[in-house]
Number of protein chains: 2
Amino acid sequence: MSPPPITSVTRQLSRRSVFEALLHRSPISRADLAKVTSLSKQTMSEVIDAFEQQGLVRPVGRTRGNVGRTAVLYELSPEGGHVLGIDLGAQRLTVALADIAGRVLAEADEATDGRGGGWALDQIARLSDRLARDNHTHPSRIRSIVMATPGVVNPRSGAIELAPNITGLDHLNVVGLLGEKLGSPVVLENDINLALLGEIWHGCARNVDNVAFLALGSGVGLGLHVNGRLVRGENGAAGEIGYLPIGGDPLQAESRPQGCLEYQIGATGVVRRYREAGGRDVETERQVFDRAQAGDAVAASVVEETARLTALAAATVIATVDPQLLVLGGSVGARADFADKVARLLLQLSPRPVEIRTSILGRRAGVVGALSVALRRLHDEFFGVAELAATLPLPPPARRGASQ
Amino acid sequence: MSPPPITSVTRQLSRRSVFEALLHRSPISRADLAKVTSLSKQTMSEVIDAFEQQGLVRPVGRTRGNVGRTAVLYELSPEGGHVLGIDLGAQRLTVALADIAGRVLAEADEATDGRGGGWALDQIARLSDRLARDNHTHPSRIRSIVMATPGVVNPRSGAIELAPNITGLDHLNVVGLLGEKLGSPVVLENDINLALLGEIWHGCARNVDNVAFLALGSGVGLGLHVNGRLVRGENGAAGEIGYLPIGGDPLQAESRPQGCLEYQIGATGVVRRYREAGGRDVETERQVFDRAQAGDAVAASVVEETARLTALAAATVIATVDPQLLVLGGSVGARADFADKVARLLLQLSPRPVEIRTSILGRRAGVVGALSVALRRLHDEFFGVAELAATLPLPPPARRGASQ
DNA sequence: TTCTTTTCGTTCGGTCTCTTGACGAATTAA
DNA sequence: TTAATTCGTCAAGAGACCGAACGAAAAGAA
């Protein structure tokens with residue numbers, strides 16, 4: 001429940017590998033843990049004793065059926081710590097709760113409070129509290145919270161810099177306010193990035209290291225996962241492919257605020273193009289897609305052009321970062337018919353074929369990704385090793401006249 | 001000279017941090033090392049004794065002028081190990097030698113043996129051997145070799161998959177053959193990636209974490225450095241921006257083999273466009289750029305268009321990965337007049353301005369980057385800690401019906 | 001039912017590494 | 001020549017690891 005006391009680096013490394021083994025192979029006995037981690041039985045008993053005393057681990061029965069003495073089996077206890085994932089969308093607010101072992105305990109969602117700003121934050125606090133209590137978890141037991149939000153999140157300050165879809169959120173200190181309301185540290189991350197991480201953890205991109213996630217819905221966005229990490233960009237603006245110079249003249253004044261590509265294939269762009277081509281009586285991009293499927297020729301050509309531009313964007317991403325897998329997501333991108341069109345066009349555009357899948361988590365992707373990051377942070381808080389800097393920094397160039 | 005014997009993890013961590021301090025602050029006394037690393041004087045003496053016995057470290061005089069007893073100063077000894085960097089270009093072959101402290105001891109270059117293949121490898125071996133002997137280093141002391149090569153290097157096998165510019169290289173087992181000739185393990189890496197790392201280590205991007213390197217010369221290519229690591233891509237094909245759908249119809253048959261963008265702004269593309277516009281008597285893209293500067297209006301418009309397409313490619317990269325710094329390199333890209341044009345155009349294309357610099361290492365960038373990787377590998381061989389995996393892997397989704 | 005075999009988990013002794021404190025050695029400042 | 005200061009070693013003790021030995025507990029065989 002509280003982070004394990006740090007003693008020596010050696011012991012911390014042992015704890016860490018015991019925890020890792022518990023994560024992936026519980027329930028498991030101390031004897032097996034010792035084999036898996038190649039620590040001695042002695043050390044193992046010490047570590048497990050400490051874990052049990054902290055409430056991180058609990059015994060669950062004994063082995064049966066094997067020759068020899070039975071062994072006590074242990075698993076990670078739900079009391080060990082909880083994490084909360086939040087997806088704050090323009091339409092829907094989703095919240096999910098998981099324990100330290102990554103078991104998803106509960107999810108809940110509501111329509112987002114349309115008044116935005118502080119009201120939305122209050123709503124989040126209410127919903128989170130209810131979720132915790134319904135699962136017999138005191139909210140104070142939650143040790144790590146991650147929230148998905150549309151717009152750009154500054155990777156250094158963690159603040160929202162541009163949230164076009166939710167009113168009055170970009171001038172609030174969301175991290176501070178929400179942290180206070182919920183009583184635990186809150187971290188924000190872009191919703192598309194988290195949807196990508198969701199698909200990597202529980203979705204269609206499980207265990208793939210090198211993934212691009214192209215989201216097409218009300219807007220267009222990209223998430224990149226490379227070398228096992230998210231690509232955030234210096235300002236958190238990586239993946240803002242609405243600004244790609246595709247689908248029109250990037251210098252044209254009308255399209256500059258949203259970006260050239262978004263102007264064409266964002267929801268309002270699709271509707272606008274349908275109207276310009278003579279289509280009538282539409283409000284949402286969804287109607288255009290539905291009509292195309294129902295045989296409306298004008299709608300079909302708008303959809304075709306949307307798919308063409310999406311394929312160009314995908315080809316751009318593929319040429320730039322060479323992913324192993326391209327995931328199509330978002331309310332439009334995940335439509336099977338649309339994804340097929342894009343895949344077909346892409347075959348002609350890209351020198352080497354790339355596997356394409358559609359999101360299987362759909363609207364849940366963001367909240368699942370938020371959980372995965374919250375979980376990572378909790379694990380790092382408990383079992384991180386400070387000394388574990390990646391690589392040694394190289395020395396700077398020799399100063400002129402320095403000693404040989 | 002040989003890797004330090006591994007004993008306990010704790011001791012390896014101590015050695016590692018002592019070495020890091022030596023890298024950045026030598027010459028330095030044991031007393032100061034103890035302060036910097038926050039190890040005890042006792043431990044420090046033990047570690048330094050061991051280092052000295054291995055030949056990794058040597059005493060260089062004593063402190064002077066301070067109150068109290070003088071201290072023995074130590075520095076990393078050049079005998080501690082050497083690394084070799086190689087840049088195999090279509091025109092020139094460059095080789096450089098450095099010691100374990102990152103001091104560049106010597107460089108040499110020659111015109112590449114035009115017969116390619118095995119001849120080029122022999123030439124590399126000859127030049128490397130000479131470089132080592134001229135610096136009183138027996139070639140067997142070299143413990144790590146990295147070579148820059150044009151084309152795509154498979155990140156898993158380390159083999160060259162596509163080397164259009166050097167004949168007969170893509171069907172050779174370069175890693176194996178060269179490793180045998182030189183007597184040390186050889187690692188290959190794409191030349192643009194290494195030029196980028198060169199600029200990050202010794203060039204215009206020193207200590208910047210988030211860098212895009214756009215190279216324009218005979219071809220066009222991109223290197224990306226994100227989260228402190230190179231972006232290689234699943235097949236080593238990240239940065240192959242010749243295939244970006246910019247500057248023409250990407251489906252057009254004529255441009256498909258090299259890629260749409262490369263067809264326009266690669267060297268042959270520039271020359272072709274100049275001829276198509278009525279220009280005469282040119283062989284190389286360099287002449288076109290020189291004539292533009294000399295006042296040739298046709299050449300100027302070709303250059304202008306080249307700059308425009310380059311700026312579009314840059315805007316694409318910026319929207320996708322949001323780098324802190326964009327470096328322009330390659331024989332064309334590094335020209336100040338050309339870089340200025342690109343920077344001006346980019347201001348109008350990109351929603352947020354990004355700093356632009358031109359390569360300052362020029363042709364040396366590749367070999368310097370090769371040295372930096374070779375050095376990193378040597379350091380990791382000596383002072384890596386296996387237990388230091390980045391983060392704990394998350395558990396997979398719960399199987400249906402698994403124990404609660 | 002009893003004995004044998006196998007495995008679990010604890011106890012004990014020994015090793016490695018790190019730290020602290022004490023102390024002699026070496027140097028500057030008074 | 002003495003005092004102050006810093007360096008570097010020595011010795012003692014603590015934390016963490018491992019392997020060996022051993023009792024405990026279960027399954028299987030007689």
Side-chain angles (χ1 to χ4, degrees), chain A residues 4-19 21-22 25-53 57-75 383 385-387, chain B residues 4-19 21-22 25-53 57-75 383 385-387:
Chain A
I6 24 164
T7 50
S8 78
V9 177
T10 326
R11 188 37 80 90
Q12 182 73 351
L13 282 169
S14 299
R15 272 198 288 259
R16 183 187 166 91
S17 64
V18 173
F19 178 75
L22 281 165
R25 331 174 96 101
S26 86
I28 184 173
S29 69
R30 278 170 291 178
D32 282 349
L33 277 172
K35 283 175 204 149
V36 168
T37 59
S38 51
L39 292 166
S40 68
K41 291 196 285 179
Q42 165 62 13
T43 305
M44 190 54 58
S45 285
E46 286 175 30
V47 171
I48 290 288
D49 272 11
F51 277 5
E52 200 174 349
Q53 218 134 40
V57 130
R58 66 181 180 194
V60 275
R62 312 183 68 98
T63 53
R64 299 170 45 107
N66 300 325
V67 216
R69 179 176 172 177
T70 57
V72 179
L73 294 172
Y74 291 88
E75 67 171 14
F383 302 105
V385 181
E387 283 76 1
Chain B
I6 26 165
T7 51
S8 79
V9 177
T10 328
R11 188 37 79 88
Q12 182 74 350
L13 282 170
S14 298
R15 271 198 288 259
R16 184 186 165 89
S17 64
V18 173
F19 178 74
L22 280 165
R25 309 171 182 252
S26 82
I28 184 173
S29 69
R30 277 170 291 178
D32 282 348
L33 277 172
K35 283 176 205 148
V36 168
T37 59
S38 52
L39 291 167
S40 67
K41 291 193 289 178
Q42 169 64 16
T43 305
M44 191 53 59
S45 284
E46 286 174 32
V47 171
I48 290 289
D49 272 11
F51 278 4
E52 200 173 348
Q53 218 135 40
V57 130
R58 65 181 180 193
V60 276
R62 313 181 69 98
T63 54
R64 298 168 44 105
N66 301 324
V67 211
R69 180 176 168 177
T70 56
V72 179
L73 294 172
Y74 291 88
E75 68 170 11
F383 302 105
V385 182
E387 282 76 1

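We name chains A, B, ... by the order of the sequence lines, and we start the count at 1 in each one. Predicted, not measured: the structure shown is a model, and the values here were computed from it. Atoms considered below: every heavy atom in the structure, side chains included; atoms not considered: hydrogens, waters and symmetry mates.
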Toward the 5' end of DNA chain C, which comes first, B/E46 or A/R69, by nearest nucleotide?
-> A/R69
In whole angstroms, the gap separating P of D/dA26 from CG of A/L73 amounts to 13 Å
Picking from C/dA26, D/dA25, D/dC10, which would you name as closest to the side chain of B/Q42?
-> D/dC10
Checking all strands, does B/S40 fall into the base, sugar-phosphate, or nothing category for heavy-atom contacts under 4.0 angstrom?
-> base
Short side-chain N/O contact to C/dT10 OP1/OP2 from A/S45, under 4.0 Å = yes
With a 4.0 Å cut-off on heavy atoms, is A/T7 in touch with a base, just the backbone sugar-phosphate, or nothing at all?
-> sugar-phosphate
Would you kindly give the CD1-to-P distance between A/I28 and C/dC8, to the nearest whole Å?
-> 11 Å
Taken to the nearest 0.5 Å, the spacing of B/L13 CG from A/T10 OG1 works out to 8.0 Å
Of the listed nucleotides D/dC7, D/dA27, C/dT28, the one nearest the side chain of B/A31 = D/dC7
Pick base, sugar-phosphate or nothing for B/T63, based on heavy-atom distances below 4.0 Å to the nucleic acid.
-> nothing
Specify the separation, in whole Å, of atom CZ of B/R30 and atom P of C/dC18.
-> 16 Å
B/N66 CG to D/dT5 P, in whole Å, measures 14 Å
Closer than 4.0 Å, any side-chain N/O of A/S8 to the OP1 or OP2 of D/dG15?
-> no
Tell me: CG of B/D49 to C1' of D/dC7, nearest whole Å?
-> 14 Å
A/L33 CG to C/dC8 P: how many Å, rounded?
-> 11 Å
Residue pair B/S17 / B/T37, side-chain donor-acceptor N/O under 3.5 Å = no
Nearest of D/dT5, C/dG9, D/dC7 to any side-chain atom of A/K41?
-> C/dG9
Mutual orientation of the aromatic rings belonging to B/F51 and B/F383 [parallel < 30°, tilted 30-60°, perpendicular > 60°] = perpendicular
One should read off an interatomic distance between A/R25 CZ and A/L33 CG, to the nearest 0.5 angstrom, of 9.0 Å
OP1 or OP2 of D/dA25 sitting under 4.0 Å from any side-chain N/O of A/R62?
-> no
What's the spacing between A/S40 OG and A/E46 CD if we round to 0.5 Å?
-> 7.5 Å
Starting at CG of B/L39 and ending at C1' of C/dT19, how long is that distance when rounded to a whole Å?
-> 10 Å
Assign each of B/V72 and A/R15 the nucleotide of DNA chain D bearing its closest heavy atom; nearer the 5' end lies the nucleotide of B/V72
To the nearest angstrom, the CD-C1' distance between A/Q12 and C/dT17 comes to 18 Å
For B/R11 and C/dT17, is the shortest distance between a side-chain N/O and OP1 or OP2 below 4.0 Å?
-> no
Name the nucleic acid region contacted by A/T10, choosing base, sugar-phosphate or nothing; use a 4.0 angstrom heavy-atom cut-off, strictly under.
-> sugar-phosphate
Check whether any side-chain N or O of A/T43 sits under 4.0 Å from OP1 or OP2 of D/dC18, and answer yes or no.
-> yes
